[in-house]
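Here is the naming used below: chain letters follow the sequence lines, and residue numbers restart at 1 for every chain.
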Number of protein chains: 2
Amino acid sequence: MIETAAINAVMRTLADPTRRAVFERIVSSDEITVVELTRGSGVTQGAISQHLKSLKLAGLVAERPEGRRVFYRAEPEGLAPLVDWMGHYAVFWRERFANLRSLLKEIDP
Amino acid sequence: MIETAAINAVMRTLADPTRRAVFERIVSSDEITVVELTRGSGVTQGAISQHLKSLKLAGLVAERPEGRRVFYRAEPEGLAPLVDWMGHYAVFWRERFANLRSLLKEIDP
DNA sequence: CTAATGCATTAGTTAATGCTAATGTATTGG
DNA sequence: CCAATACATTAGCATTAACTAATGCATTAG
């Protein structure tokens, strides 16, 4: 059985381009502050904080306050519902498996 | 390079629970008509047609008119952008790889 | 031929959502 | 200390989006 609520949350959260860009940027960096995320994002700091809240609620990121700054990092488990969902319908992108296979070997040979 | 527009479309399309349910139902059946999709969907036939239009634009489904009925089927390639996106960030759900591995073997041993 | 069926489309309503601007609350630098 | 910095939160606004009801168009049944 698939966790409908979890997939729902993750999909909805990552559907917004701005928020997904924020997530991708967090993923790319080990840890990153709100100021850095705001810079070059095209939106205000308040908007970034709102997106971070959504990402946190979806379990996609975690925070680490340090002084007056807050460092954000990606939460790998958050993508699990999406992975599971894809897995459930895996038979329908069978032709993509070659790529995925090589990827798996590349990361964990 | 990641196809931002494609991921955007697929994510946005699958983010809606009703529409995703329609897609899942199309995936589960080989081919299915609009009447069947409407039955038990909780929404009107018009809504279903609208969702089908979105899914078609996202490249997730294809249609085959036959008489006054239209049969819909899943379009595997449509999920490619999502697979690619996941692959790009694969290093961050490394722990899910065991599951994915067994899945791969299950489908294509 | 005529009525019924299957589907698409449109207009209009309602709810959700992303944004800004402003404000509040800690924390640190000078 | 006190001003500045970092972040969160709120209210308000504009836009998007999902839905219904209604209508139109084609196709088949009787």
Side-chain angles (χ1 to χ4, degrees), chain A residues 4-26 29-75, chain B residues 4-26 29-75:
Chain A
T4 312
I7 302 173
N8 216 351
V10 173
M11 287 264 197
R12 226 175 49 73
T13 304
L14 292 177
D16 180 68
T18 307
R19 189 162 46 231
R20 193 172 61 250
V22 169
F23 175 70
E24 291 175 357
R25 212 161 146 202
I26 295 179
S29 55
D30 191 43
E31 274 192 337
I32 188 169
T33 66
V34 180
V35 186
E36 290 180 79
L37 283 173
T38 303
R39 194 180 333 158
S41 70
V43 295
T44 63
Q45 176 265 316
I48 294 293
S49 277
Q50 289 170 16
H51 285 309
L52 288 171
K53 188 175 184 179
S54 300
L55 289 167
K56 192 171 68 174
L57 284 178
L60 289 166
V61 302
E63 53 182 348
R64 182 180 63 87
E66 186 182 290
R68 59 182 167 184
R69 290 178 300 176
V70 177
F71 289 87
Y72 281 88
R73 64 176 182 278
E75 200 70 33
Chain B
T4 311
I7 301 175
N8 216 351
V10 173
M11 287 264 195
R12 225 174 49 74
T13 304
L14 293 176
D16 180 68
T18 308
R19 188 163 45 231
R20 194 172 61 250
V22 169
F23 175 69
E24 291 175 357
R25 213 162 144 201
I26 295 178
S29 55
D30 190 44
E31 274 192 338
I32 188 169
T33 66
V34 179
V35 185
E36 292 180 79
L37 283 172
T38 303
R39 193 182 334 159
S41 70
V43 295
T44 63
Q45 175 265 316
I48 295 294
S49 276
Q50 289 170 15
H51 285 309
L52 288 172
K53 188 175 183 179
S54 300
L55 288 167
K56 193 171 67 174
L57 283 178
L60 289 166
V61 302
E63 54 181 349
R64 182 180 63 86
E66 184 181 293
R68 59 182 167 186
R69 290 178 300 176
V70 177
F71 289 87
Y72 281 86
R73 64 176 182 279
E75 200 71 33

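- The side chain of B:H51 places an N or O atom within less than 4.0 Å of a non-bridging phosphate oxygen (OP1 or OP2) of D:dC19.
- Taking side-chain N and O atoms only, A:R12 has a distance below 4.0 Å to OP1 or OP2 of C:dT17.
- Under the 3.5 Å distance criterion, with hydrogens and angles disregarded, no donor-acceptor pair is assigned to the side chains of B:S54 and B:Q50.
- A close approach under 4.0 Å does occur between a side-chain nitrogen or oxygen of B:T18 and OP1 or OP2 of D:dC19.
- With sequence neighbours left out, A:R39 forms a side chain to side chain donor-acceptor pair (under 3.5 Å) with no residue at all.
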Sub-3.5 Å pairs of nitrogen or oxygen atoms, protein against nucleotides 10-13 of chain C:
residue	atom	partner	partner atom	Å
C:dT10	O4	B:Q50	NE2	3.0

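- No engagement by A:F71 is indicated, since no non-hydrogen atom pair under 4.0 Å with the nucleic acid exists.
- Expressed to the nearest 0.5 Å, how far CZ of A:R19 lies from CG of A:L60 amounts to 10.0 Å.
- Listed by residue number, the members of residues 33-40 of chain A with any heavy atom below 4.0 angstrom from DNA chain D are A:T33, A:V34, A:V35.
- Contact between the side-chain N/O atoms of A:T44 and the OP1/OP2 oxygens of C:dC19 is not found at any separation under 4.0 Å.
- The CG atom of A:N8 sits 10 Å away from the P atom of C:dT17 (whole-angstrom rounding).
- Ranking D:dA29, D:dT20, C:dT27 by closeness to the B:V43 side chain, first place goes to D:dT20.
- Using a 4.0 Å cut-off, no side-chain N or O of B:S49 falls inside it from OP1 or OP2 of C:dC7.
- Between B:R20 atom CZ and D:dA18 atom C1' the separation is 15 Å, expressed in whole Å.
- Here the side chains of B:P17 and A:T4 are not in contact, with every heavy-atom distance at 4.5 Å or above.
- Proximity of a side-chain donor or acceptor of A:R73 to a complementary backbone N or O of A:E31 within less than 3.5 Å is not detected.
- Picking from C:dC19, D:dA8, C:dC7 the nucleotide with the shortest atom distance to the side chain of A:Q45 gives D:dA8.
- At distances below 3.5 Å, at least one donor-acceptor pair connects side-chain atoms of A:S41 with backbone N or O atoms of A:T38.
- One can place CD of A:E31 at 16 Å from C1' of D:dA6, the figure rounded to the nearest angstrom.
- Separating the CG atom of B:D16 from the C1' atom of C:dA16 is a distance of 12 Å, rounded to the nearest angstrom.
- Expressed to the nearest 0.5 Å, how far CD of B:E63 lies from NZ of B:K56 amounts to 3.5 Å.
- Atoms OH and CD1, from A:Y72 and A:I48 in turn, are 11.0 Å apart once rounded to the nearest 0.5 Å.
- Counting only heavy atoms from C-beta on, B:R68 has its side chain closest to C:dT5 among C:dT5, D:dA8, C:dC7.
- Remark: B:L55 CG to B:E75 CD distance equals 11.5 Å, nearest 0.5 Å.
- Here B:Y72 reaches the OP1 or OP2 of C:dA8: one of its side-chain N or O atoms lies under 4.0 Å away.
- At D:dA18, one or more side-chain N or O atoms of B:R19 fall inside 4.0 Å of OP1 or OP2 (strictly under the cut-off).
- Comparing D:dC19, C:dC7, C:dG18 against the side chain of B:R69 picks out C:dC7 as the nearest.
- When each of A:A47 and A:E66 is assigned the nucleotide of DNA chain C bearing its nearest heavy atom, the one mapping closer to the 5' terminus is A:A47.
- Checking side-chain atoms of A:R25 against main-chain N and O of A:E36 turns up a donor-acceptor pair under 3.5 Å.
- Distance, B:L57 CG to D:dA18 P: 13 Å, rounded to whole Å.
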